[in-house]
Each structure stands twice: as structure tokens, then as C-alpha cells.
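Structure first, then comments.
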Amino acid sequence: MSDNDDVPFNRNFPLHPGVVEEVRPGVRRVLCNNPSPFTFTGTVSYIVGTGNVAIIDPGPDDEAHAAALLDAVRGETVSHIFVTHTHRDHSPNTPRIKQATGAPVYAEGPHRASRPRFESEKHNPESGSDRDFVPDVRIAHGDVVEGAGWRLEAVATPGHTANHLAFAWPERKFSFVGDHVMGWSTSIVAPPDGSMIDYMESLDRLAAREEDLYFSGHGPEIPEGQRFVRFLIRHRKAREASILHRLAKGETDIPNMVRAIYIGIDPRLTTAAGYSVLAHLEDLVARGVVATDGDPVIGGTYRMANG
């Protein structure tokens, strides 16, 4: 299967910022006005339940978005705040919502990298990590939190970040998947924040579950969630095959691989693509398929281990 026709992306998402939309009974969403090449039309926050509700992913440090969320739940009680992960487009608005509602914050934990930073790594390639975030209640894979008319189960989905959680609503076969699965684009996996090894295991974990309607941190809802995840798995394996195909021609570096693999890429995403290639290379080096001198880093050169 080719790299270009394997994932049925859907970029049709006409929701306007600040507008509350009931996407399914018991699930509302509000879009933040923070569009970018990384966030698509912006970050989507979710309101779960009616009357007594939970808010998932309050979004970036944005007063207007906080006001829109609070307006959407006017006359209701916010009993829980959930955060899927600690990137700056998802968690920094949490203190505003907590201060206004008094609701406790549930998440896996503070931000952390997927592995220790190598000596030669000088900066974090991600769009930004919220290192100030600390949840009130730390939850782990399999933990269940119940509210009025809803029940959410934490599903560990590390890969995009080490502390990424999805929140499944098993009785409704819904899953709030944060940035682990997006309907408009593939997720960025950028070491050391992210890990391709973890990411692939997390995709397998979601594919094995019953939930089949995904609500993502960016873009439209994703029907047939497990089928979409299988597309993503095939896409990543095809990307890996493209890297190995390029390395079969001889030793090279990551910028050359990006030029060979990501034809016609938005120039603003070139750096992110490089870190995605690095994530694959980390996995391949760990498996003994690819070799490099020293640690697998963004500035390294790579070759087939048997070459």
C-alpha cells in the first residue's frame, strides 16, 4: 500500500471558534481560535454529560476560549476536568476553568519526556510543553471516573507524549483520543517528548478496544475508529518502509530522508517531519535494523545495520 492513499483523512470541519455544538447526545464541543499547521483549525474542548458535566482539554492559555467554555455550561455544574496530555494547546487553560468551577483536575501526571535527553540534544522540538501543569488527581490505565450519567475509563496512549491518556466511555462506545489519533492528519511523534515504539503499541491498544467513535483534540469526529487506527498503523509501517528503502541506497542523514519521503510537504512542517523520521529511526536502531554512530539524534547519519 502506498504512503499517500492509505489514510482516509477528513478535513471537513466547519465548526466556528467559540460556538458550542452538540455532536452526540451528552457530548458537546467548543473550538478554540488557535489555528496553525500543527493544530488544524484549533484545539477542540469537550463537554461530557448534561447538568453535571466534565470538561476535557480546556485548551491553550486563552481567555476567550475559557469564557466560551464557561458560557456553554452556564447553569450547569462542572464536576470534573480531564486533560489528555500536557502540550500548550491543550492544558494551560486548566487553571482558569478550575478557578471558575472548583472542579478537580484529572490527568496522568506532569509533563515528562519519553526518554532521557541525550547530551547533544539542545532543545525541545515540540510546539511546546506545559511544564507548569500538575493534576489534582493522577489517574492511570484502567482507572474509571464516574459522574452524573457518564463514566470515563483512562486508556494509556503514550507516544505523542509520555503522559498521554485517552478517555473511553465504554457504554457509549465513544473515546476521547486527544492528539493520539486525529482525523485530519497524522500525529506528530517527536523524540524525546514522543516515542514511536510507544505510539505504535498505543495504536494497537486502541484497535483492540470496543470504542468505535473517536473525538479528537483537533478536527472532526472519527467514525469506525478501530478501522481508522488500522489505517494509521499501515501508514506508519509504510513510512518505515520508505525510510529503509532510502537507507538501502546508502548512508544518509535525516534532511535527505525528509526530501525523499515527504514530497510536496508544507515547508512549515519540515522540522516536524524530521523529528517523525527520527522517531522511526530510534525504533529501527533499537531493533537492530538501522545503525548510527552514537545516540540516534536529529543531526546523526544513518545506515542499514547489515550494510
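Two rings, from Trp184 and Phe40, have their centers less than 6.0 Å apart. Residues His90 and His218 bring their aromatic ring centres within 6.0 Å. For His87 and His160, the ring centers are positioned less than 6.0 Å apart. When ring centroids are compared, Phe174 and Phe215 come within the 6.0 Å threshold. Taking the six-membered ring for Trp and the full ring otherwise, His111 and Phe133 have centroids separated by 6.0 Å or more.
With respect to Glu282 and Arg115, a salt bridge is recorded, a charged nitrogen being found less than 4.0 Å from a carboxylate O. In this structure, Arg28 pairs ionically with Glu76, as a charged nitrogen and a carboxylate oxygen lie closer than 4.0 Å. Of the charged side-chain nitrogens involved, at least one lies within less than 4.0 Å of a carboxylate oxygen, so that Arg29 and Glu21 count as a salt-bridged pair. The existence of a salt bridge linking Arg303 and Asp293 is confirmed by a sub-4.0 Å separation between a basic side-chain nitrogen and an acidic carboxylate oxygen. Under 4.0 Å is where a charged nitrogen must lie from a carboxylate oxygen, and between Arg96 and Asp61 at least one such pair does. Using a 4.0 Å cut-off between a side-chain N of Lys or Arg and a carboxylate O of Asp or Glu, Arg151 and Glu171 qualify as a salt bridge.
The two atoms that bring Ile263 and Ala260 nearest to each other are CD1-O, 3.6 Å, heavy atoms only. Shortest non-hydrogen contact noted between Arg236 and Ser187 is NH2-O, 2.5 Å. Nearest heavy atoms, Ser216 versus Ile222: CB-CD1, 4.4 Å.
Counting only heavy atoms from C-beta outward, the side chains of Val155 and Phe167 never approach each other to under 4.5 Å. The closest side-chain heavy-atom distance from Phe82 to Asp57 is not below 4.5 Å. Side-chain contact between Met257 and Leu281 is present, with at least one heavy-atom pair separated by less than 4.5 Å.
Hydrophobic clustering of Ile, Leu, Val, Met, Phe, Trp and Tyr side chains at less than 4.5 Å, counting indirect connections, unites Ile298 with Leu269. In this structure, Leu213 is not a member of the same hydrophobic cluster as Val229, with clusters built from ILVMFWY side-chain heavy atoms closer than 4.5 Å. Cluster annotation: Leu70 is not connected to Leu31 through the hydrophobic network of ILVMFWY side chains, with a link wherever side-chain heavy atoms come within less than 4.5 Å.
Judged by distance alone, the side chains of His65 and Ser45 do bring a donor and an acceptor atom under 3.5 Å apart. Between the side chains of Ser129 and Asp193, at least one donor-acceptor pair of N or O atoms lies under 3.5 Å. Checking Ser91 against Asp130 by side-chain atom types alone, a donor-acceptor pair falls below 3.5 Å. Between the side chains of Asn34 and Thr43, at least one donor N or O lies within less than 3.5 Å of an accepting N or O.
Cation-pi check for Arg239 over Tyr262 is met; the charged atom lies under 6.0 angstrom from the ring centroid and within 45 degrees of its normal.
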Item to check | Ile243 and Glu240: CA distance, side-chain angles, deciding distance, side-chain contact (heavy atoms from CB on, under 4.5 Å) verdict | outcome: CA-CA 5 Å; Ile243 291 168; Glu240 178 183 290; 5.5 Å; no
Next on the checklist: I'd like to know whether Arg230 forms a salt bridge (charged side-chain N to carboxylate O under 4.0 Å, His left out) with Glu224, so could you lay out the CA-CA distance, the side-chain angles of the two residues, the decisive distance to 0.1 Å, and finally the verdict.
Outcome noted: CA-CA 10 Å; Arg230 289 193 291 272; Glu224 298 185 85; over 6 Å; no
Next on the checklist: Determine whether Tyr275 and Ile188 satisfy the following criterion, side-chain contact (heavy atoms from CB on, under 4.5 Å), listing intermediate values before the conclusion.
Outcome noted: CA-CA 8 Å; Tyr275 278 95; Ile188 292 170; 5.8 Å; no
Next on the checklist: I'd like to know whether Val83 forms a side-chain contact (heavy atoms from CB on, under 4.5 Å) with Tyr106, so could you lay out the CA-CA distance, the side-chain angles of the two residues, the decisive distance to 0.1 Å, and finally the verdict.
Outcome noted: CA-CA 6 Å; Val83 173; Tyr106 294 75; over 6 Å; no
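Rounded to the nearest 0.5 Å, atoms CG (Asp253) and OG1 (Thr301) are 7.5 Å apart. Distance CG/Leu284 to OG1/Thr292: 12.0 Å, rounded to 0.5 Å.
No donor-acceptor pair closer than 3.5 Å links the side chain of Asn52 to the backbone N or O of Ala148.
Around CZ of Arg227, the count of heavy atoms belonging to other residues, nucleotides or ligands within 6.0 Å does not exceed 12.
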